[in-house]
Amino acid sequence: MSGRTPLIAGNWKMHKTVADAEAFISALLPRIYAADGVDVAICPAFTALAAMVDSTRGSRVQVFAQNAHHAAEGAFTGEVSLPMLGEVDVHGVILGHSERREFFGETDRALALKLPAVLEAGMVPVLCVGETEDERDNGDTERKLRHQVQEGLAKVPEEQLGGVVIAYEPIWAIGTGRVATAEQAQEACGFIRALVAGRSSAAAETVRVLYGGSVKPENAAELLGQADIDGALVGGASLEPESFAAIIAAA
Ligand code: PGA
């Protein structure tokens, strides 16, 4: 896994009230006290961000948002800006999750504006990419990944590219229990790293590429053992402190 520190990020999606989140974090922190050499992030709903930043202060757990608008402010009803997230000390932002692309019309064009804005705000962007089952069956995986990665990173200045996190999440593996094989995941993550190398070979060495899609304690070690997989974006298994801690231990 080279010199890159693995990142295990829990994407809670639209789960957990503040009370639920507090109970989770009290149970998680003692379980991961001894974990070393791994970065950990939780990605709660907007309403729980500030409480989670407070409850994780001084621990190894960072708090990421699940989306942000690229503009600092404006007439964008229902959106949240980066200065708003920065004010509550959020460390990073998930961008372009397939559920946002599918259900909320998130476009590559919007993402191209969001990536540099998140970096400019001093936060870590986690760009999600991945193919549908049809695209994989039709041999279109690389074309899809090339398009999403190149569009998403298009406006990121070369000197900031290395700070980006890219999550490879095959859509057919998200929430389905059908995990990609370690070979499939490694192949796609290696391909994504090569795409970054097309922009900057130095950035390709530091960029962290995560795998996401039905990561569980039982399959985490094998996936995380692959050369180009630098961590995991975990949905369902991040909702319980026991399973999330087990995945962190595997890293
Ligand atoms: P899952 O979700 O682990 O429940 O498959 C992953 C994700 O959507 O990030």
Side-chain angles (χ1 to χ4, degrees), residues 6-16 20-21 24 28 38-46 48-49 52 61-68 90-106 111 114-115 118 124-133 135-136 141 144-145 148-149 152 164-182 184-186 188-189 192 208-224 226 229-251:
L7 169 64
I8 305 297
N11 174 14
W12 288 353
K13 310 189 179 185
M14 199 172 73
H15 295 283
K16 294 197 192 295
D20 296 337
F24 173 95
L28 180 74
V38 54
D39 289 343
V40 177
I42 51 169
C43 314
F46 287 123
L49 287 173
M52 286 300 94
V61 178
Q62 302 190 336
V63 179
F64 286 22
Q66 298 175 16
N67 183 31
V90 163
H91 283 97
V93 186
I94 299 176
L95 295 173
H97 189 279
S98 62
E99 288 152 15
R100 292 221 53 86
R101 295 177 189 261
E102 182 180 353
F103 304 129
F104 304 101
E106 182 88 78
L111 291 167
K114 292 183 182 198
L115 265 284
V118 170
V124 178
V126 181
L127 173 66
C128 300
V129 299
E131 80 286 0
T132 63
E133 185 163 27
E135 287 165 338
R136 175 160 285 269
T141 299
K144 176 77 171 290
L145 295 179
Q148 289 184 324
V149 170
V164 170
V165 175
I166 303 175
Y168 168 61
E169 297 206 305
I171 294 167
W172 47 270
I174 295 179
T176 58
R178 240 184 94 194
V179 65
T181 65
Q184 287 172 325
Q186 161 57 28
C189 291
I192 288 168
R208 288 185 289 183
V209 183
L210 315 184
Y211 168 79
S214 298
V215 176
K216 305 278 180 253
E218 306 80 64
N219 56 34
E222 192 188 2
L223 289 161
L224 295 169
Q226 306 300 309
I229 301 182
D230 306 316
L233 184 55
V234 186
S238 75
L239 294 174
E240 297 300 333
E242 297 78 11
S243 47
F244 193 49
I247 292 169
I248 293 164

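Whatever order the structure lists ligands and atoms in, that order sets their numbers, starting from 1. These figures come from a predicted structure and were not determined experimentally.
- Of all the atoms in ligand 1, the ones that sit under 4.0 Å from a non-hydrogen atom of H97 are 7 (C), 8 (O), 9 (O).
- Nearest heavy-atom pair across P125 and L95 is CB-CD1, 3.9 Å.
- Of the protein's heavy atoms, G175 N, 2.6 Å lies nearest to atom 5 (O) of ligand 1.
- Each of the following atoms of ligand 1 lies closer than 4.0 Å to a heavy atom of L233: 9 (O).
- Between K216 and ligand 1, not a single N/O pair is under 3.5 Å apart.
- In this structure, a donor-acceptor pair under 3.5 Å is present between the side chains of E169 and H97.
- Of all atoms in ligand 1, listed by their number and element, those nearer than 4.0 Å to a heavy atom of N11 are 9 (O).
- Nearest heavy atom pair, residue P44 against residue M52, reads CG-CG, 3.8 Å.
- Looking only at protein heavy atoms, the nearest one to atom 9 (O) of ligand 1 is E169 OE2, 2.6 Å.
- By heavy-atom distance, the residue among A9, G212, G235, A173 lying nearest atom 6 (C) of ligand 1 is G235.
- Relative ring orientation between F24 and F244 is described as tilted, the plane-to-plane angle lying within the 30° to 60° band.
- Checked by atom type and distance alone, the side chain of Q66 pairs as donor or acceptor with a backbone atom of C43 at under 3.5 Å.
- Per-residue contacts place G213 under 4.0 angstrom from the following atoms of ligand 1 (heavy atoms of the residue considered): 5 (O).
- Which parts of ligand 1 touch S214 is read off a 4.0 Å heavy-atom cut-off, strictly below it: atoms 1 (P), 3 (O), 5 (O).
- Contact check on E131 versus K144 returns no salt bridge, with no Lys/Arg side-chain nitrogen under 4.0 Å from an Asp/Glu carboxylate oxygen.
- The only option from L224, D230, L223 that meets the side chain to side chain contact (heavy atoms under 4.5 Å, CB included) definition with Y211 turns out to be L223.
- Taking atom 4 (O) of ligand 1 as the reference point, the nearest protein heavy-atom neighbour is G236 N, 2.8 Å.
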